[in-house]
Amino acid sequence: MTTPLDILIVDDRPENLLTLEHLLENPELNIVRAGSGQEALARLLDHDFALVLLDVQMPDMDGFETAELMRGNKRTRHIPIIFVTASHTEHQHIFRGYDSGAVDYLFKPLDPQMLYCKVRIFLEIHRQRQALQCKTRELDARIAELNLLQAELEEKNRQLQLLSSLDGLTGIPNRRQFDEMLSLEWSRMAREKTPLSLIILDVDHFKLFNDRYGHLAGDSCLRRVALALATMLRRPADMVARYGGEEFAAILPGTSLEGAQVVAESMRQTVTELAIEHLDSPVRGVLTVSLGVSSVIPIPGCIPADLIQAADQGLYQAKQEGRDRWVRADCVPLSCRSPWK
Ligand SMILES: [Mg+2]
């Protein structure tokens, strides 16, 4: 059983109200009576009417005036009205200023069948509107729920992205992130025609360290080196990543080869100053690193691998020369196709 709908019937004559009420009698309807336009407006304030049946000829305030005032109120503007009139000549005015479909008319004496049909149509429209509003509210709630879920999902994705771009052992960017950043900075430096420098460094005699102190100490050592290197880099675009087992790589966008050499020396000193005991190292009694430095202004035809290869070459040479040092290597991109050749 649905909730009864409120209907307002307005007429200045009590016998007309009684007739209307009798004709409309239905358990699905809650009929509210008003004997004047003023009373109708008062009832409209405390009910949510599905329909108003409004007598046109009334003293003081007639049906049109009442409807006009209803139209001026945001709360009552959309309530459908059926004007009840004795005169056929007035219905020309009835539709003036009203949305068609929200207004209809009936002539006195009332034809019960016509009354029933018209009222039924308006009530059906009202029920459909109510159902629609209910669905809209449900949809709004669902949308709000989905928005919340999406925000949670985005946050989880962000965390996942972060996790997948960080090295599990040291917490600094991993090789994947390094590759992405190098590629990004490569394009950016190419556009800005600015040097991009790269340092690759390797912990000296790390195998001997592990053999003597164990793998847990080895892990802890890598974490300390990573943290020291990451803390050392000050410029926002600079980044140091774990490149391989005991290898790290620093990307220095907008840094010249000279600048990169200064950074490389600082890195070497920073690690030495950690004073991590390494008694089996033929270099010193503490942990040291070897570094390769290179720099290039990316030009079309060159690829990031050229820069990596050059820095690797420097690292190789640094090891050859006795470790605990940096060596610069020119980036001579084999893949470069000079337009002048
Ligand atoms: Mg009347």
Side-chain angles (χ1 to χ4, degrees), residues 1-11 16-56 58 61-85 88 90-150:
M1 171 98 190
T2 46
T3 327
L5 294 176
D6 287 347
I7 283 195
L8 179 64
I9 55 175
V10 192
D11 203 299
N16 286 350
L17 285 174
L18 271 175
T19 310
L20 257 180
E21 196 171 359
H22 174 69
L23 289 172
L24 290 170
E25 200 172 340
N26 185 316
E28 289 184 20
L29 298 180
N30 174 40
I31 295 162
V32 178
R33 288 187 283 178
S36 67
Q38 287 90 340
E39 200 188 338
L41 293 174
R43 294 287 83 79
L44 279 159
L45 291 180
D46 45 43
H47 286 78
D48 187 17
F49 290 109
L51 177 65
V52 178
L53 284 156
L54 189 54
D55 182 26
V56 173
M58 293 188 291
M61 185 192 290
D62 70 14
F64 295 146
E65 284 177 76
T66 310
E68 199 63 35
L69 288 168
M70 279 176 67
R71 203 164 64 94
N73 186 311
K74 197 178 157 198
R75 204 175 112 80
T76 54
R77 185 183 300 158
H78 302 291
I79 301 175
I81 300 170
I82 297 180
F83 289 106
V84 184
T85 173
H88 281 253
E90 280 166 341
H91 77 262
Q92 295 289 342
H93 308 283
I94 291 173
F95 293 97
R96 194 187 52 208
Y98 294 94
D99 297 335
S100 57
V103 162
D104 205 339
Y105 57 94
L106 281 166
F107 297 108
K108 291 177 185 174
L110 289 171
D111 171 0
Q113 192 58 34
M114 189 67 89
L115 172 72
Y116 174 77
C117 283
K118 292 200 169 179
V119 167
R120 200 171 57 93
I121 287 168
F122 276 110
L123 295 185
E124 186 51 38
I125 290 172
H126 182 80
R127 285 202 198 284
Q128 282 175 2
R129 187 183 298 136
Q130 275 185 330
L132 198 65
Q133 281 169 351
C134 187
K135 283 276 172 235
T136 306
R137 276 195 298 274
E138 278 174 26
L139 272 177
D140 284 346
R142 190 84 188 108
I143 287 169
E145 210 176 292
L146 283 173
N147 282 340
L148 201 69
L149 277 176
Q150 188 178 355

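What you see below is based on every heavy atom in this structure, not just the backbone, and it leaves out hydrogens, waters and symmetry mates. Residues take their numbers from the sequence shown, with the count starting at 1.
- Partners of E145 under the salt bridge (charged side-chain N to carboxylate O under 4.0 Å, His left out) rule, at least two apart in sequence or in another chain, are R142.
- Here the side chain of E39 pairs a donor or acceptor atom with the backbone of G35 at under 3.5 angstrom.
- Smallest separation of non-hydrogen atoms from A40 and V10: CB-CG2, 3.7 Å.
- Side-chain contact between L20 and L110 is present, with heavy atoms from C-beta onward closer than 4.5 Å.
- Put simply, the side chain of L41 does not reach to within 4.5 Å of the side chain of L45, judged on heavy atoms.
- For the atom pair I81 CD1 and F64 CZ, the distance stands at 10.0 Å (nearest 0.5 Å).
- Atoms CD1 and CG, from I121 and D104 in turn, are 8.0 Å apart once rounded to the nearest 0.5 Å.
- Here the CG atom belonging to L5 is positioned 11.5 Å from the CZ atom belonging to F49, to the nearest 0.5 angstrom.
- In this structure, CG on D62 lies 10.5 Å from CD on E68, to the nearest 0.5 angstrom.
- What you find for A34 and R43 is that their closest heavy atoms are CB-CG, 4.4 Å.
- A heavy-atom distance below 4.5 Å is found between the side chains of L44 and L8.
- With a 4.5 Å cut-off on side-chain heavy atoms, P4 and L29 do not count as touching.
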Let's go through N30 and I7 carefully: what are the C-alpha distance in whole Å and the side-chain angles of both, what is the deciding distance for side-chain contact (heavy atoms from CB on, under 4.5 Å) to 0.1 Å, and is it a yes or a no? CA-CA 6 Å; N30 174 40; I7 283 195; over 6 Å; no

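- Looking at I79 and T76, their side chains come closer than 4.5 Å, going by heavy atoms from C-beta outward.
- Residues A67 and F83 approach most closely at CB-CZ, 3.6 Å, considering heavy atoms.
- Side-chain contact between V84 and V56: absent, with no pair of heavy atoms (C-beta onward) separated by less than 4.5 Å.
- With L17 as reference, D11 is the one residue of D11, I31, L53, D55 to meet the side chain to side chain contact (heavy atoms under 4.5 Å, CB included) rule.
- Here the straight-line distance linking atom CD of Q128 with atom CD of Q133 works out to 12.5 Å at 0.5 Å rounding.
- Look at R127 and E124 and you find no salt bridge, because none of the NZ, NE, NH1 or NH2 atoms lies under 4.0 Å from a carboxylate O.
- In this structure, Q130 CD and I125 CD1 are separated by 13.0 Å, a value rounded to the nearest 0.5 Å.
- Contact annotation: the side chain of I82 never approaches that of V52 to less than 4.5 Å [non-hydrogen atoms, C-beta and beyond].
- Although no hydrogens or angles enter the test, the distance criterion places a donor-acceptor pair under 3.5 Å between the side chain of K118 and the main chain of Y105.
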With side-chain contact (heavy atoms from CB on, under 4.5 Å) as the test, would you mind laying out the steps for L24 and I9 before giving the verdict? CA-CA 10 Å; L24 290 170; I9 55 175; 3.9 Å; yes

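- Side-chain contact between Y116 and R120 is present, with heavy atoms from C-beta onward closer than 4.5 Å.
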Step by step, would you call L123 with E28 a side-chain contact (heavy atoms from CB on, under 4.5 Å)? CA-CA 10 Å; L123 295 185; E28 289 184 20; over 6 Å; no

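- Other residues, nucleotides and ligands place no more than 12 heavy atoms under 6.0 Å from the CD atom of Q113.
- The side chain to side chain donor-acceptor pair (under 3.5 Å) contacts involving residues 18-27 comprise E21-R33, where partners must be two or more places apart or lie in separate chains.
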